[in-house]
Amino acid sequence: MLLELYTSAFCEPCMQTRAVVAEAARLVPDAEVAEYDVANNIEVAEAENIRSTPTMIVRSADGSEVFRAAGVPTLAQVLVAAAKAL
């Protein structure tokens, strides 16, 4: 399972989302985290249709998207999505 985080440099909600993702990764040992700064990864962000930061995507092991949140997700949302992705 992959937790993808799309961020930008001076984004306060991005810092909040990082904290949520870090706690989810701590609670779900199988979770991998990948963070993309949209300014440095324009092609990736465009390919994933990222329109705002932060955006978080949870993917299952086969790469399919099971959850997407634009803005700061709650820990509960991320954990439910992680359970679906497993």
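Any value given below was found using the heavy atoms of this structure, including those in side chains, with hydrogens, waters and symmetry copies removed. Counting begins at 1 with the first residue of the sequence.
Across all their heavy atoms, Ala31 and Leu3 have their closest contact at CB-CD1, 4.0 Å.
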Listed pairs under 3.5 Å, donor-acceptor, residues 40-47 side chains, sequence neighbours left out:
unit_1 : atom_1 : unit_2 : atom_2 : d
Asn41  : ND2    : Asp37  : O      : 3.0

Show which side-chain atoms of residues 76-86 pair as donor or acceptor with protein atoms under 3.5 Å away, not counting sequence neighbours.
unit_1 : atom_1 : unit_2 : atom_2 : d
Gln77  : OE1    : Thr74  : N      : 2.8
Gln77  : OE1    : Thr74  : OG1    : 3.4

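Looking at residues two or more places apart in sequence or on another chain, you find a side-chain hydrogen bond (donor to acceptor under 3.5 Å, both in side chains) between Glu4 and Tyr6, Arg59. Judged as a side-chain hydrogen bond (donor to acceptor under 3.5 Å, both in side chains), and not counting sequence neighbours, the contacts of Ser60 are Asp62, Ser64.
For residues 4-43, the set of pairs meeting the disulfide bond (SG atoms under 2.5 Å apart) definition, not counting sequence neighbours, comprises Cys11-Cys14. Residue pairs satisfying the disulfide bond (SG atoms under 2.5 Å apart) criterion with at least one member in residues 53-86, sequence neighbours excluded, are absent.
Under a hydrophobic clustering in which Ile, Leu, Val, Met, Phe, Trp and Tyr are joined whenever their side-chain heavy atoms come within less than 4.5 Å, directly or via other members, Leu75 and Phe67 fall into the same cluster. Residues Val20 and Val66 are members of one and the same hydrophobic cluster, defined by side-chain heavy-atom contacts under 4.5 angstrom among Ile, Leu, Val, Met, Phe, Trp and Tyr. Residues Leu2 and Tyr36 fall into different hydrophobic clusters, defined by Ile, Leu, Val, Met, Phe, Trp and Tyr side chains chained together at heavy-atom separations under 4.5 Å.
In this structure, Leu27 and Glu23 have side chains that are in contact, with non-hydrogen atoms separated by less than 4.5 Å. Here the side chains of Thr17 and Leu5 are in contact, with some heavy-atom distance below 4.5 Å. The shortest distance between side-chain heavy atoms of Arg68 and Glu48 falls below 4.5 Å.
Counting heavy-atom neighbours within 6.0 Å of Glu32 CD, excluding the residue itself, gives a total of 12 or less.
Of the inter-residue distances, the one linking Ile57 atom CD1 with Glu65 atom CD reads 4.5 Å to the nearest 0.5 angstrom.
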Chi angles and distances behind the side-chain contact (heavy atoms from CB on, under 4.5 Å) call for Val38, Thr7: CA-CA 6 Å; Val38 296; Thr7 63; over 6 Å; no
